[in-house]
Amino acid sequence: MIAVCVREDRITVSGHAGFAEAGKDIVCAGVTALTQTLIKAVSDLTEDKIQYEISPGRADIHYGNLSEEGKLLVDSFFIGICMIADEFPDCVRID
């Protein structure tokens with residue numbers, strides 16, 4: 001199961017969906033795409049400072065006071081994650 005924790009100053013994504021074998025898991029692919037897009041979008045589209053560490057099965061994203069644009073990007077990430085969690089509740093948990 002993938003656990004996603006969204007807080008005021010950080011986001012943590014950990015685990016594996018277990019929906020399908022590695023390389024064919026659409027749930028993992030969706031969560032990974034949203035996570036990587038969030039990191040790139042905040043870095044490229046805002047002046048916000050962001051620190052992150054990504055490893056297999058884990059992403060830790062830390063940020064300070066986000067701009068309105070940064071908050072909107074985090075909200076968009078959260079909406080996408082919630083949609084995946086609603087569709088695949090046995091694979092994604094939001095903490």
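Between Cys28 and Ile2 the shortest side-chain heavy-atom distance falls below 4.5 Å.
The salt bridge (Lys or Arg N to Asp or Glu O under 4.0 Å) test applied to Arg10 returns no partner, not counting sequence neighbours. Taking the ring-ring contact (aromatic ring centres under 6.0 Å, His included) definition, one finds that Tyr63 meets it with nothing, sequence neighbours left out. For Ser14, the side chain to side chain contact (heavy atoms under 4.5 Å, CB included) partners two or more places apart in sequence, or in a different chain, are Ala3, Arg58. Remark: Asp9 pairs with no residue by the salt bridge (Lys or Arg N to Asp or Glu O under 4.0 Å) rule, at least two apart or across chains. Scored by the ring-ring contact (aromatic ring centres under 6.0 Å, His included) test, Phe88 finds Phe19 as partners (sequence neighbours excluded).
Within the structure, side chain to side chain donor-acceptor pair (under 3.5 Å) pairs that include any residue of residues 17-29 do not occur (at least two apart or interchain). Pairs passing the ring-ring contact (aromatic ring centres under 6.0 Å, His included) check and including a residue from residues 34-54, sequence neighbours excluded, do not occur. Residue pairs meeting the salt bridge (Lys or Arg N to Asp or Glu O under 4.0 Å) criterion with at least one partner in residues 86-95, sequence neighbours excluded, are Arg93-Asp95. Screening residues 33-49 for salt bridge (Lys or Arg N to Asp or Glu O under 4.0 Å) gives Lys40-Asp44 as the qualifying pairs, with residues at least two apart or on separate chains.
The two atoms that bring Ile84 and Gly30 nearest to each other are CD1-C, 3.8 Å, heavy atoms only.
In this structure, Ile79 belongs to a hydrophobic cluster whose other members, linked by side-chain heavy atoms under 4.5 Å apart, are Met83. Other members of a hydrophobic cluster containing Met1 are absent, since no ILVMFWY side chain comes under 4.5 Å of it, directly or through relayed contacts.
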Cut-off 3.5 Å, no hydrogens considered: what does the side-chain donor-acceptor table look like for residues 69-76, sequence neighbours left out?
unit_1 : atom_1 : unit_2 : atom_2 : d
Glu69  : OE1    : Ser67  : OG     : 3.3

Q.
Run the side-chain contact (heavy atoms from CB on, under 4.5 Å) test on Val6 and Ile94 for me, step by step, so that the C-alpha distance in whole Å, both residues' side-chain angles and the decisive distance to 0.1 Å come before the verdict.
A. CA-CA 8 Å; Val6 178; Ile94 299 170; 5.6 Å; no
Q.
Applying side-chain contact (heavy atoms from CB on, under 4.5 Å) to Val4 and Phe77, what does each step give before you reach the verdict?
A. CA-CA 11 Å; Val4 180; Phe77 166 83; 4.3 Å; yes
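By the criterion of side-chain heavy atoms lying less than 4.5 angstrom apart, applied directly or through intervening Ile, Leu, Val, Met, Phe, Trp or Tyr residues, Ile26 is grouped together with Val13 in one hydrophobic cluster.
Partner of Ile11 under the side-chain contact (heavy atoms from CB on, under 4.5 Å) criterion, chosen from Asp60, Leu38, Ile81: Leu38.
From Glu68, atom CD reaches atom OG1 of Thr46 across 12.0 Å, with rounding to the nearest 0.5 Å. With values rounded to the nearest 0.5 angstrom, Ile61 atom CD1 is found 6.5 Å from Ile54 atom CD1.
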